[in-house]
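Just so you know, ligand 1 is whichever comes first in the structure, and atom 1 is the first atom listed for that ligand.
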Amino acid sequence: MPNTAAEELPPLDVVAAILWQADGRLLLSQRPAHKHQGGRWEFPGGKVEAGESHHQALARELQEELGIAITDSEPFMCIEHRYPELRVRLWFRTVRSFVGVAHGREGQPLGAYQLDELAQLSFPAANRPVVRALMLPDRLLVLPSPLPSVAQLDATLAAHPGSWVYLRGLHDAAALSPWVSRCHAAGVRVLVADDAALMAAVGADGLHLRAAAAARLDQRPPVPWLSVACHDAAQLDHAQVLGADLALLSPLRATPTHPQQPGMGWEQFQALAQGRPLSIYALGGVTPEDLPQARQAGARGVAGIRGFWQ
Ligand SMILES: Nc1nc2c([nH]c(=O)n2[C@H]2C[C@H](O)[C@@H](COP(=O)(O)OP(=O)(O)OP(=O)(O)O)O2)c(=O)[nH]1
């Protein structure tokens, strides 16, 4: 029987902090045993009260729960999740600095963790996509055609530290291997199109499915990172069914290569992207300067060619 009580109620709006300490570790707290999702680790925060902005709610919660003061926070991701007993809409916000010594004012244990330690912790189910998202980059560089020179690649990787590269347009091991090696030498992760066996053969980090390849699948291929090209809600739904980590949602704007395709614009992007449990990248006429706007619209990051390559 459907859980009608959960269907009828609007989701509970909750803010939660991706709270970076000065030492580069994330500060987490453990939910008290008697509360919903008790005993699990959480990003500190709580329910948004009537009339509060998300930032105000987060500032109040962090003061109440951890005894710290914040002046800034920025949107990181929004995830809607249905627990059997309630629906939550979690507004994760990044906090890079705070004043005060964090301590569990409600007696809750706190912990500081490196990103690569998070996988060992038990989180509420709603948090899984955000834990994955934290390991993903803000910027995804799409390999242009014609191919860039090695000098161009090196300059571009240096200009966008922490980004990943989608090795678009290369479909055999001989063509891919030098690019994989060059990117890995720079500490950059790479995605390969459509073919999981080829991805593994060249030692790439993940698979990017073009829309037609995604449509042919009904379950996730066994890859460490899965990205899917999407243009509408049905394709995003399918990306979720596949358990994708990333979706490249396009076109945000019309581009010189596809001038006949009108861009969806940020409003439509937000309507499609916000609340989904995967990291969505805005693609199509997007530049790195669009990142703050993209975040407001529910994107994890920005992807593209023009505006990214040196
Ligand atoms: N703060 C927080 N809540 C989370 C996370 N993940 C997740 O599913 N939740 C859920 C658990 C709860 O159902 C809800 C948060 O509600 P809460 O009860 O902690 O809110 P609150 O601090 O305002 O609590 P209270 O006033 O009732 O004591 O969101 C997370 O990472 N952080």
Side-chain angles (χ1 to χ4, degrees), residues 3-21 25-70 72-96 98 100 102-136 240 243 245 274-280 295 298 300:
N3 186 337
T4 45
E7 293 290 345
E8 281 156 16
L9 292 172
L12 184 69
D13 280 309
V14 173
V15 283
I18 309 294
L19 189 53
W20 292 103
Q21 295 192 146
R25 293 185 301 168
L26 273 172
L27 194 63
L28 302 176
S29 55
Q30 206 168 12
R31 292 185 63 77
H34 66 275
K35 280 193 170 183
H36 180 232
Q37 299 294 312
R40 303 212 158 150
W41 288 93
E42 69 169 8
F43 297 92
K47 297 179 201 87
V48 179
E49 290 178 1
E52 279 182 328
S53 68
H54 293 160
H55 171 75
Q56 286 167 342
L58 193 60
R60 175 185 50 71
E61 287 285 350
L62 295 182
Q63 185 62 254
E64 285 172 9
E65 291 186 358
L66 305 181
I68 59 172
I70 62 165
D72 279 319
S73 68
E74 63 187 56
F76 178 70
M77 196 171 185
C78 170
I79 296 176
E80 286 193 37
H81 185 83
R82 189 182 302 263
Y83 290 110
E85 57 287 3
L86 91 158
R87 276 200 301 144
V88 287
R89 184 161 49 199
L90 289 154
W91 300 90
F92 294 95
R93 298 182 67 84
T94 304
V95 175
R96 296 184 200 283
F98 55 86
H103 55 287
R105 289 183 77 188
E106 296 167 351
Q108 75 278 31
L110 303 185
Y113 295 95
Q114 308 279 1
L115 273 186
D116 59 5
E117 295 173 317
L118 299 186
Q120 311 152 15
L121 303 176
S122 171
F123 284 100
N127 290 30
R128 277 184 212 129
V130 85
V131 171
R132 292 292 275 173
L134 281 165
M135 296 179 211
L136 286 168
Q240 284 175 227
D245 304 292
Q274 199 156 62
R276 290 188 181 263
L278 71 170
S279 292
I280 303 185
R295 286 251 174 76
R300 169 67 186 86

(message) Can you give me the closest heavy-atom contact between Tyr83 and Pro124, atom names plus distance?
(response) OH-CB, 3.1 Å
(request) For Tyr83, counting its heavy atoms only, list the atoms of ligand 1 lying under 4.0 Å from any of them. (result) 7 (C), 8 (O)
(message) Heavy-atom contact check, 4.0 Å cutoff: does Glu61 meet ligand 1?
(response) yes
(request) Return the minimal non-hydrogen interatomic distance between Val88 and Val14, and the atom names on each side. (result) CG1-CG2, 4.5 Å
(request) Mind listing the closest non-hydrogen atom pair of Gln240 and Leu278 along with its distance? (result) CG-CD2, 3.8 Å
(request) Identify, for atom 28 (O) of ligand 1, the protein heavy atom at the shortest distance, and state residue, atom and that distance. (result) Lys35 NZ, 3.0 Å
(request) Identify, for atom 1 (N) of ligand 1, the protein heavy atom at the shortest distance, and state residue, atom and that distance. (result) Glu42 OE1, 3.1 Å
(request) State the atoms of ligand 1, each with its element, that fall below the 4.0 Å cut-off from a heavy-atom position in Ala16. (result) 32 (N)
(message) Distance under 4.0 Å to a non-hydrogen atom of Gly45: what atoms of ligand 1 satisfy this?
(response) 1 (N), 22 (O)
(message) Within the 4.5 Å heavy-atom criterion, are Phe76 and Leu134 side-chain neighbours or not?
(response) yes
(request) Indicate the atoms forming the closest heavy-atom contact of Ile79 with Arg276, along with that distance. (result) CG1-O, 4.2 Å
(message) Quick check: closest heavy atoms across Leu58 and Ser73, and the distance to 0.1 Å?
(response) CD2-CB, 4.2 Å
(request) Closest by any non-hydrogen atom to atom 22 (O) of ligand 1: pick that one out of Arg40, Glu106, Lys47, Glu65. (result) Glu65
(request) Report the nearest protein non-hydrogen atom to atom 17 (P) of ligand 1: residue, atom name, distance rounded to 0.1 Å. (result) Arg31 NH2, 3.7 Å
(request) Pick, from Asp13, Val88, Asn127, the option with the minimum heavy-atom distance to atom 7 (C) of ligand 1. (result) Asn127
(message) Any salt bridge linking Arg25 with Glu117? Criterion: basic side-chain nitrogen under 4.0 Å from a carboxylate oxygen.
(response) no
(message) Show me which atoms of ligand 1 lie under 4.0 Å from any heavy atom of Phe43.
(response) 1 (N), 2 (C), 30 (C), 31 (O), 32 (N)
(message) Using a plain distance cutoff, I'd like to know if Pro124 has any nitrogen or oxygen under 3.5 Å from a nitrogen or oxygen of ligand 1.
(response) no
(message) For atom 29 (O) of ligand 1, what is the closest protein heavy atom, and at what distance to 0.1 Å?
(response) Val14 CG2, 3.6 Å
(message) Using every non-hydrogen atom in the two residues, find where Gln21 and Phe98 come nearest and quote the distance to one decimal.
(response) CA-CE2, 4.4 Å
(request) With heavy atoms of Ala126 as the reference, note each atom of ligand 1 found under 4.0 Å away. (result) 8 (O)
(request) Report the residue from Leu28, Leu66, Leu110 that forms a side-chain contact (heavy atoms from CB on, under 4.5 Å) with Leu19. (result) Leu66
(message) Using a 4.0 Å heavy-atom cut-off, which part of Leu90 comes near ligand 1: side chain, backbone, both, or neither?
(response) side chain
(request) Note the single closest protein heavy atom to atom 13 (O) of ligand 1, along with its residue, its atom name and the distance in Å. (result) His36 ND1, 2.6 Å
(message) Please evaluate residues Arg295 and Arg300 with respect to the criterion side chain to side chain contact (heavy atoms under 4.5 Å, CB included), reporting the C-alpha separation (whole Å), side-chain torsions for both, the decisive distance (0.1 Å), and the verdict.
(response) CA-CA 6 Å; Arg295 286 251 174 76; Arg300 169 67 186 86; 3.8 Å; yes
